[in-house]
Amino acid sequence: MSNKKVRTRFAPSPTGYMHIGNLRTALYAYLFAKSQHGDFILRIEDTDRARYVADAVEFIENTLKLAKIKPDEGPHDGGNFAPYIQSERKEIYKKYAEELVSKDFAYYEEGENGVAIRQRMPKTGETTFYDVLHGNITIANEELEDQILLKSDGMPTYNFANVIDDHLMEITHIIRGTEFITSTPKHVLLYQYFGWEIPTFIHLAPVMGKAEDGSVSKLSKRHGATSFGDLVDMGYLPEAITNYVALLGWNPKNTNQEIFSMDELIDIFSLDGLSKSPAVFDYDKLNWMSSEYFKKMSDEEFAEAARKYVKLDENLSAKFVYLSSLLKTRVTKLNEIQESIEFLMTMPDFDSELFINKRNKVNVEKSIEILTPALEMLEKISAEDWTVDNLNEKISAFTANTGLKVGTVMWPLRIAISNKKVTPGGVTEILYLLGREISLNRIKQSLDNLKNL
RNA sequence: GGCGCCUUGGUCAAGUGGUUAAGACUCCAGCCUCUCACGCUGGCUACAUGGGUUCGAAUCCCAUAGGCGUCACCA
């Protein structure tokens, strides 16, 4: 066994939806295979006709691609063990099921819909299997029901097909969720009936979600987004999601590093870093990791990633790379951007309360007093000199002349051009983004509004 | 309910008989500062409970409790 090439597989059913828990299972199977210079196989388990969703296979492949998980073999990639879609392997299962019947390890059963084949379980004794995370697990055979191997429609059940395929496809390590622990003895019995080598099992703890009332349960719709696609739609970078998910139930040895590229993960991954207790999906941590990725991007990279999530006017579009430099450190997910920059395109409603700021010693009267000469000063700056650096220089000089604190001048100015308490960037950045004409108009308008109170 | 798995701060987690029980996220305080953010400092909070074993237990054993899973012609 130790000399055999490691081969793992990800075997989802075609539902057109990639649950975070499933993605993590695929990730670990991939990381383990690659860390051992082995193969990672994608196999579609579509033996339940009722559950089939159109284009699901393509969806799964696209999702894995986005997550940078690359199958060595699969429906699209092909391989020596094709086909990799179970519905196309129907005859194979039938042959093996009949072999079991001939050896009396299984039997035919007449049902409402036709004839099915059922596995015969021993009534006494117990079955033990080894799991890398849990050690030996033993279950009494009397707990095992005679299960259906081949359904009356000719399709195999999961419990049968997975054993046949894992053996035929030479899978060495089965990485899947803990929900399969109690059915594993049935699989082991099957391997024994056929005289096949039993693969190594690794049953992963589930990914949990936390509800608003604080209760914890398996991650589901009630916890908000639960799929990789949902998270991408919200504007989390695929790399950040994968990185976060990798650490949900696994952690590297001898390091506190948390930000990993896929290559680094492959390099450092090992089975003994896997944890056997459930992990709660935590948006706070995901947000932090997401922002770490944003901060590491260049302005251009961030702008490119963010473009798909925003609607800009001509002016802002031209300055978006610069805007991105301001947004990078302030965003946790891309779908937050639009709201935070909307004020640059449409002036929010006037609110005199915003001009009152105790810390900077400003109120309405003071604002009028400052804004009036400030407007005159700014009007003298030409459109071509309307740059962040120059604006900063002029405003600083203006402030020095007034003898006021910097904040006392900056506060009303910023409010006058934004009508927002919090903005991404300060006065000079916003003046630049707005451009000379719009900036001046906004200040005039705000000044009028203040005087007409 | 039977069977199985799990149990270190609010969350992710180091730790494999002797530690002041790491680190990260969140939160709080301070510094920086043209708002916010970034950055920097510092701080709060944990071994589920009860028995053993041992000179010594978060680490080993046994109970109890709680959580989760499974008992389909679903996967």
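The figures here come from the full heavy-atom set of this structure, side chains too, leaving out hydrogens, waters and symmetry mates. Lettering follows sequence order; numbering is per chain, from 1.
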(message) Under 4.0 Å between a side-chain nitrogen and a carboxylate oxygen: does that hold for A:Arg7 and A:Glu73?
(response) yes
(message) Requiring both pairing distances under 3.5 angstrom, list the stems that contain RNA chain B and are made of three or more consecutive Watson-Crick or G-U pairs.
(response) B:1-7 with B:65-71, B:10-12 with B:23-25, B:27-31 with B:39-43, B:48-52 with B:60-64
(message) So if I take every side-chain heavy atom of A:Ser277 and compare against B:U7, B:U26, B:G15, which nucleotide ends up nearest?
(response) B:U7
(request) Starting at the 5' end of nucleotides 68-75 of chain B, put B wherever the base has a protein heavy atom under 4.0 Å, S where only the sugar-phosphate does, and a dash everywhere else. (result) SBS--BBB
(message) Test of understanding: with side chain to side chain contact (heavy atoms under 4.5 Å, CB included), list the residues that count as partners of A:His167, not counting sequence neighbours.
(response) A:Tyr191, A:Trp196
(request) Compare the minimum distances between each of B:C12, B:C6, B:C3 and the side chain of A:Ala279, then state the nucleotide with the smallest one. (result) B:C12
(request) Under the side-chain hydrogen bond (donor to acceptor under 3.5 Å, both in side chains) rule, collect the residues that match up with A:Gln86, sequence neighbours excluded. (result) A:Glu45, A:Asp165
(message) Run the salt bridge (charged side-chain N to carboxylate O under 4.0 Å, His left out) test against A:Asp351 and tell me which residues pass, sequence neighbours left out.
(response) none
(request) List for me each residue that meets side-chain hydrogen bond (donor to acceptor under 3.5 Å, both in side chains) alongside A:Glu369, sequence neighbours excluded, and say none if there are none. (result) none
(message) According to salt bridge (charged side-chain N to carboxylate O under 4.0 Å, His left out), who are the partners of A:Glu61, at least two apart in sequence or on a separate chain?
(response) none
(message) Using a 4.0 Å heavy-atom cut-off, does A:Val427 contact any base of the nucleic acid, only the sugar-phosphate backbone, or nothing at all?
(response) base
For nucleotides 19-22 of chain B, which of its nitrogen or oxygen atoms have a protein nitrogen or oxygen under 3.5 Å away, and what is each distance?
none

(request) Figure out the CD1/C1' separation between A:Ile139 and B:G2, and round it to whole Å. (result) 12 Å
(request) Sticking with atom P, work out how far B:C25 lies from B:U41, rounded to a whole angstrom. (result) 12 Å
(message) Base, sugar-phosphate or nothing for A:Gly425? Non-hydrogen atoms, less than 4.0 Å.
(response) base
(request) Could you pull out all residues at least two apart from A:Tyr283 that satisfy ring pair (Phe, Tyr, Trp, His ring centres under 6.0 Å)? (result) A:Phe281
(message) Heavy atoms only, 4.0 Å cut-off, all strands: where does A:Lys210 land among base, sugar-phosphate and nothing?
(response) sugar-phosphate
(request) Could you check which residues of residues 345-377 of chain A get a heavy atom under 4.0 Å from RNA chain B? Sort them by number, please. (result) A:Arg359
(message) Restricting to side chain to side chain contact (heavy atoms under 4.5 Å, CB included), what partner residues turn up for A:Ser152, sequence neighbours left out?
(response) A:Asn113
Set out, line by line, the N/O atom pairs under 3.5 Å between protein and nucleotides 39-44 of chain B.
{"residue": "B:G39", "atom": "OP1", "partner": "A:Lys295", "partner atom": "NZ", "Å": "2.8"}

